[in-house]
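As the structure lists them, so they are numbered: ligands from 1, and atoms in each ligand from 1. Only this structure's heavy atoms are used, side chains among them; waters, hydrogens and symmetry mates stay out. Small disclaimer: the values here were computed from a predicted structure and weren't measured.
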Amino acid sequence: MKILVVGSGGREHAIVWKLSKSRLADKIYCAPGNAGIAELAECIDIPVTDFEGMAELALKKQVDLVVIGPDDPLACGITDVLEERGLRVFGPRKNAAILEGSKVFSKELMKKYHIPSAGYESFDDPERALSFIRESRLPLVIKADGLALGKGVLICETREQAEDAVNEIMVNKKFGDAGKRIVIEEFLTGREVSVLSFVDGKTVLPMTSAQDHKRAKDGDKGLNTGGMGTFSPSPFYTEEIDEYCRKHIYQPTVDAMAAEGREYKGIIFFGLMLTAEGPKVLEYNARFGDPEAQVVLPRMENDLVEVMEACIDGRLDEISLSFKKEAAVCVMLASKGYPEKYEKGFEISGLEAFKDREGYFCFHSGSRLKDGKVVTNGGRVLGVTALGQDLIRARKNAYEAVEWVDFSNKYYRHDIGKSITDIC
Ligand code: AMP
Ligand code: GLY
């Protein structure tokens with residue numbers, strides 16, 4: 001089979017790597033891809049927003065399957081455009097990707113179908129939002145309705161912060177149209193867990209659990225980022241919790257989408273908070289998590305092409321997923337200054353250390369080739385993942401491997417998975 005992967009980050013590198021292990025994959029293309037992906041796939045420089053260009057490429061190369069990595073093109077309907085051209089696509093259509101694309105939609109869905117989540121109100125008028133804030137208990141979580149590069153969620157400890165957030169999002173339009181409407185929700189406490197799952201319209205197959213570290217600095221300090229590191233599995237995600245989530249969250253979500261006439265096929269990423277009252281949904285994403293994919297896919301034993309094909313054909317009930325017992329830890333190497341200002345274009349050295357090293361991976365998030373050299377090309381640069389017998393070993397291996405590569409202004413958190421291994 002010929003496969004085209006759309007995207008250019010660490011998530012797409014992990015997807016391309018896993019697809020390259022499939023007995024069904026003969027040739028992989030990636031658009032636009034990056035310097036790491038180029039070792040496994042033919043990269044073609046088409047932006048993910050150019051749906052017509054993507055369709056032309058897929059038709060010209062006669063690909064049998066297109067896999068969409070990022071959220072933005074999904075929310076804007078890339079799947080619909082490619083399907084109209086007769087292509088087979090892994091990723092939800094626009095009317096289903098709204099599960100991530102609109103927080104107002106997802107909150108209304110959860111309310112209507114009794115899926116556990118934080119209490120909330122939604123607003124399209126800033127005055128009404130401000131008067132709601134005056135009467136509410138703190139802290140409050142304020143979310144822009146639409147996609148905002150992972151920055152559209154603000155946790156407000158004081159009324160002043162909440163009022164500022166409403167003004168920034170709705171009046172000053174910090175996130176553009178994504179902030180036309182907002183959700184104000186109750187602040188939940190507990191352990192966060194990410195569970196990515198395959199969905200074929202009816203059946204949902206959750207993968208193993210993972211945990212992200214969203215803040216930029218050690219000790220969960222600093223600004224929110226796309227994710228500074230992950231580990232898998234989460235020891236807090238017990239079998240009992242899994243059973244509860246399948247019954248009260250995963251299947252009801254897929255059934256709710258079908259009942260709304262929005263059949264969901266692809267990945268649903270359930271962002272959960274394990275609260276004292278039980279697991280609740282923090283958010284849905286319509287794609288693999290980044291960097292969650294970098295710890296979940298290296299542990300997956302199934303052939304990814306087979307599972308994606310089963311999703312598209314509605315045959316997921318024939319599949320059973322299995323994951324390696326080994327744990328995985330991914331440490332994100334970023335450019336100093338990320339998620340704010342940072343420089344790029346620095347040469348990356350030491351990448352060859354990962355070649356043929358079983359259990360070690362270096363997924364590229366932001367890199368490109370320049371004059372035959374691999375250089376940094378983003379805030380998040382490399383995701384260094386290692387497997388290990390358990391989380392303690394995986395963590396030790398990942399932090400050893402972090403030293404194998406270098407570039408100017410290399411920055412990373414030193415405590416990915418630490419709170420877990422401290423109590424193991
Ligand atoms: P999201 O972009 O929706 O994943 O939100 C980003 C982060 O904000 C989540 O990973 C949580 O850490 C936090 N968050 C979102 N909603 C809530 C909530 N209701 N209570 C507490 N934290 C939240
Ligand atoms: N790591 C969180 C996300 O992919 O949204």
Taking atom types as modelled, is there a side-chain donor on S22 or D303 under 3.5 Å from an acceptor on the other?
yes

Name the closest protein heavy atom to atom 7 (C) of ligand 1, giving the residue it belongs to and the distance to 0.1 Å.
K214 CD, 4.3 Å

Is there a side chain to side chain contact (heavy atoms under 4.5 Å, CB included) between F231 and R395 once you walk through the steps?
CA-CA 8 Å; F231 61 83; R395 181 165 192 272; over 6 Å; no

Walk me through it: do F361 and Q294 pass the test side chain to side chain contact (heavy atoms under 4.5 Å, CB included)?
CA-CA 9 Å; F361 308 83; Q294 283 124 287; over 6 Å; no

Is the contact between N224 and ligand 1 made by the side chain, the backbone, both, or neither, using heavy atoms and a 4.0 Å cut-off?
neither

Does a donor on one side chain and an acceptor on the other come within less than 3.5 Å for S102 and D145?
yes

Could you walk me through whether V204 and T253 pass the side chain to side chain contact (heavy atoms under 4.5 Å, CB included) test, one step at a time?
CA-CA 9 Å; V204 50; T253 300; over 6 Å; no

How far is atom 5 (O) of ligand 2 from its nearest protein heavy atom, and which residue and atom name does that atom have?
R287 NH2, 2.9 Å

Do the side-chain N and O atoms of S335 and K344 include a donor-acceptor pair separated by under 3.5 angstrom?
no

Do any nitrogen or oxygen atoms of E292 come within less than 3.5 Å of a nitrogen or oxygen of ligand 2?
yes

Would you tell me which option among L272, L140, V141 has the nearest heavy-atom contact to atom 18 (C) of ligand 1?
V141

If we number the atoms of ligand 2 from 1 as shown, the ones under 4.0 Å from a heavy atom of N285 are 5 (O)

At under 4.0 Å between heavy atoms, is it the side chain or the backbone of R11 that contacts ligand 2, or both, or neither?
neither

As an exercise, identify every atom of ligand 1 less than 4.0 angstrom from a heavy atom of E186.
18 (C), 19 (N), 20 (N)

Do ligand 2 and D290 have nitrogen or oxygen atoms that lie under 3.5 Å from each other?
yes

Which residue and atom name correspond to the protein heavy atom nearest atom 13 (C) of ligand 1, and how close is it?
I155 CD1, 3.9 Å

Examine the side chains of T225 and R380 and answer whether a donor and an acceptor come within less than 3.5 Å of each other.
no

Looking only at protein heavy atoms, identify the closest one to atom 10 (O) of ligand 1 and say how far it is in Å.
E192 OE1, 2.7 Å

Shortest protein contact, atom 19 (N) of ligand 1 (heavy atom only):
E185 OE2, 2.7 Å

shortest atom 2 (C) of ligand 2-to-protein heavy-atom contact is with D212 OD2, 3.4 Å

Kindly say whether the aromatic ring centers of Y250 and F270 come within a distance under 6.0 Å.
yes

Sub-4.0 Å heavy-atom contact, G226 with ligand 2:
yes

What residue and atom, counting heavy atoms only, is the protein's closest point to atom 17 (C) of ligand 1, and at what distance?
L282 CD2, 3.4 Å

closest protein heavy atom to atom 16 (N) of ligand 1 is K143 NZ, 3.0 Å

Assign the ring pair F363 / H13 to parallel, tilted or perpendicular, where the plane angle (0 to 90°) is split at 30° and 60°.
perpendicular

Assess whether atom CD1 of I155 is packed by more than 12 heavy atoms of other residues, nucleotides or ligands within 6.0 Å.
yes

For atom 5 (O) of ligand 1, the protein heavy atom that lies nearest, with its residue and separation:
V153 CG2, 3.4 Å

Working note: R191 + S234, criterion side chain to side chain contact (heavy atoms under 4.5 Å, CB included); need CA distance, chi angles, decisive distance, verdict.
CA-CA 10 Å; R191 293 270 176 187; S234 161; over 6 Å; no

Do I68 and L82 have side chains that approach each other closer than 4.5 Å (heavy atoms only, starting at C-beta)?
yes

Looking only at distances, please establish whether an N/O atom of ligand 1 is found under 3.5 Å from an N/O atom of L188.
yes

For ligand 1, which atoms have a heavy atom of F187 less than 4.0 angstrom away?
20 (N), 21 (C)

For atom 3 (O) of ligand 1, grab the closest protein heavy atom and report residue, atom and distance to one decimal in Å.
E283 OE1, 3.2 Å

For the residue pair Y360 and W404, categorise the inter-ring angle as parallel (less than 30°), tilted (30 to 60°) or perpendicular (more than 60°).
tilted

Could a heavy atom of G289 be found less than 4.0 Å from some atom of ligand 2?
yes

Output the list of atoms in ligand 1 that are nearer than 4.0 Å to some heavy atom of K103, sorted by atom number.
3 (O)

